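All values reported here derive from a predicted model rather than from experimental measurement.
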Amino acid sequence: MAPVVMVVEDEEALGLLLKYNLEKEGYEVVIETRGNKALADVEKYAPSVILLDWMLPEISGVEICKLIRSKPDIKNIPIIMLTAKGEEEDKIKGLSAGADDYVTKPFSIPELMARVKANLRRAPEISTTKELVFEDIRMDLVEKKVFRGENYIHLGPTEFRLLKMLMETPGKVFSREVLLKTVWGDNIYVESRTVDVHIRRLRKSLNDFGPDYIRTVRATGYSIDINPVGDSE
Ligand code: CA
C-alpha cells in the first residue's frame with residue numbers, strides 16, 4: 001500500500017503541482033484546501049506525512065499543527081510546514097507549534113521530495129530493542145511512549161528521536177551535526193539552532209518530573225548523563 005501524503009494548501013496551482021510530483025514518487029495524495037476539513041480528514045486518512053501551508057483561510061497552519069499534536073491518535077504524524085515566511089522568528093514559532101520540518105516558499109521540488117522521503121523513512125522506525133532506560137526515564141520503543149517514574153511524558157516525534165539517540169549511549173556527547181544527520185536525515189538542510197529548539201522542548205517535557213539529565217556541552221553538543229553539574233544551560 002502506498003504511503004498517504006496529505007497536502008494542506010489553499011493555492012490550487014501549488015496543490016496540484018505537489019500532487020503531481022508526489023504521485024510520480026509513488027505516494028497516494030490527499031489535497032485539502034480548508035483548515036477545518038483538513039483537521040477532520042487527518043483522523044480519517046491517517047496520512048504518513050502532512051505538508052501543511054502556514055497561511056490558510058479559517059484556521060492557520062500553526063493552529064492546525066498544534067491541534068494535531070494535541071490529539072493522541074494523530075499526534076505522531078510528521079508535519080512539514082510550507083511557508084512564505086522566512087524569518088527566523090517564524091521558523092521558531094512553527095517548530096514550537098510541533099512541526100518537524102520547515103520549508104520556505106519558493107522551494108525546489110526535489111528538495112521537498114527529499115524531505116518528504118526523510119520524514120517518511122523514520123516514521124515506522126523498526127527496532128529490535130524494545131525499551132531504553134536511563135535512571136527514572138523509560139522509553140517504550142514499541143508503543144513509542146516515554147515515562148518518567150510513573151508519569152507519562154508526551155513528546156513530539158522529533159523530541160522522541162533525539163531522546164532515543166541520547167539514551168542509546170548515555171554519557172556520550174553528540175555534536176549538533178551528528179544529531180542533525182541522524183535525527184533529521186542526510187538530505188535535509190536544517191540549521192544547527194533547530195537542534196537547540198528541540199532540545200529545549202525535550203528538556204521542558206522531561207524536567208516536569210525530575211532533574212535535568214540532558215547536558216549541554218559548550219561548543220560541542222549534547223549528552224544525557226546523571227551528572228548535570230557545570231555546563232547545563
Ligand atoms: Ca496559503
So which atom in C65 and which in A99 form the shortest heavy-atom distance, rounded to 0.1 Å? SG-N, 3.4 Å
Check: E131 and M139 side chains under 4.5 Å, non-hydrogen atoms: no
side-chain contact (heavy atoms from CB on, under 4.5 Å) between T182 and M165: does it pass, once the steps are laid out? CA-CA 8 Å; T182 312; M165 187 159 180; 3.3 Å; yes
Determine whether I59 and I68 fall in the same hydrophobic cluster, where Ile, Leu, Val, Met, Phe, Trp and Tyr are linked whenever their side-chain heavy atoms lie under 4.5 Å apart. yes
What's the shortest heavy-atom distance between P47 and I50, and which atoms? CG-CG1, 3.8 Å
Are side-chain heavy atoms of L163 and L206 found at a separation under 4.5 Å? yes
With side chains defined as the heavy atoms from C-beta onward, is the minimum distance between T169 and F174 less than 4.5 Å? yes
Is any side-chain N of the basic residue among R203 and D212 closer than 4.0 Å to the acidic one's carboxylate O? yes
Measure across W184 and A118 and return the closest heavy-atom pair with its distance rounded to 0.1 Å. O-CB, 4.0 Å
Going by an N to O cut-off under 4.0 Å, is there a salt bridge joining D208 and R148? no
Go through it in stages, so that I can follow the logic: the residues are V8 and D53, the test is side-chain contact (heavy atoms from CB on, under 4.5 Å), and I'd like the CA-CA distance, side-chain angles, deciding distance and then a yes or no. CA-CA 6 Å; V8 188; D53 186 26; 5.6 Å; no
Closest non-hydrogen atoms of S48 and P78, given as atom of the first, atom of the second and distance, are O-CD, 3.2 Å
L22 and M113, any side-chain heavy atoms less than 4.5 Å apart: yes
Side-chain heavy-atom pair V103, I80 within 4.5 angstrom cut-off: yes
Salt-bridge present (R215, D225; N to O < 4.0 Å): yes
For the backbone of E63 and the side chain of S60, can you confirm whether one donor and one acceptor N or O come within less than 3.5 Å of each other? yes
Minimum heavy-atom distance between M81 and G61, given as atom pair plus value: CE-C, 4.0 Å
A side-chain contact here means heavy atoms from C-beta on lying under 4.5 Å apart; do I224 and I137 qualify? yes
Report yes if some heavy atom in the side chain of Y27 is under 4.5 Å from a heavy atom in the side chain of V4; otherwise report no. no
Does I199 belong to the same Ile/Leu/Val/Met/Phe/Trp/Tyr cluster as I226, with side-chain heavy atoms less than 4.5 Å apart forming each link? yes
Establish, from distance only, whether the side-chain atoms of D10 and T33 form a donor-acceptor pair under 3.5 Å. no
Side-chain heavy atoms nearer than 4.5 Å, only ILVMFWY residues, links allowed to pass through others: does that put V142 and F147 together? no
Is it the case that N207 and Y213 place a side-chain donor and acceptor less than 3.5 Å from each other? no
same_hphob_cluster(V30, Y20) at 4.5 Å side-chain heavy-atom cutoff: no
Value for NZ (K75) from CG (L67), rounded to nearest 0.5 Å, stands at 15.0 Å
How far apart are the closest heavy atoms of R69 and H154, and which atoms are they? O-NE2, 3.6 Å
4.5 Å side-chain heavy-atom contact, L141 and F160: yes
Flag the pair K37 and D41 as a salt bridge only when some basic side-chain nitrogen lies within less than 4.0 angstrom of an acidic carboxylate oxygen. yes
Take a 6.0 Å sphere around CZ of F107 and say whether it holds more than 12 heavy atoms from other residues, nucleotides or ligands. yes
For L51 and E9, run side-chain contact (heavy atoms from CB on, under 4.5 Å): C-alpha distance rounded to whole Å, both residues' side-chain angles, the deciding distance at 0.1 Å, then the answer. CA-CA 8 Å; L51 301 182; E9 171 59 71; over 6 Å; no
Between atom CD1 of I77 and atom NZ of K71, what is the distance when rounded to the nearest 0.5 Å? 11.5 Å
Start with the C-alpha distance between F209 and Y152, add both sets of side-chain angles, then the distance that settles side-chain contact (heavy atoms from CB on, under 4.5 Å), and finish with yes or no. CA-CA 10 Å; F209 301 106; Y152 168 69; over 6 Å; no
Look at E11 together with K105 and state whether they make a salt bridge at an N to O cut-off of under 4.0 Å. yes
Are the charged groups of K19 and E23 less than 4.0 angstrom apart, N to O? yes
Give the C-alpha distance, both sets of side-chain angles, the deciding distance and a yes or no for salt bridge (charged side-chain N to carboxylate O under 4.0 Å, His left out) between D140 and K145. CA-CA 5 Å; D140 182 331; K145 284 181 179 162; over 6 Å; no
Is there a path of hydrophobic side-chain contacts, each under 4.5 Å between heavy atoms of I/L/V/M/F/W/Y residues, joining V29 to L16? no
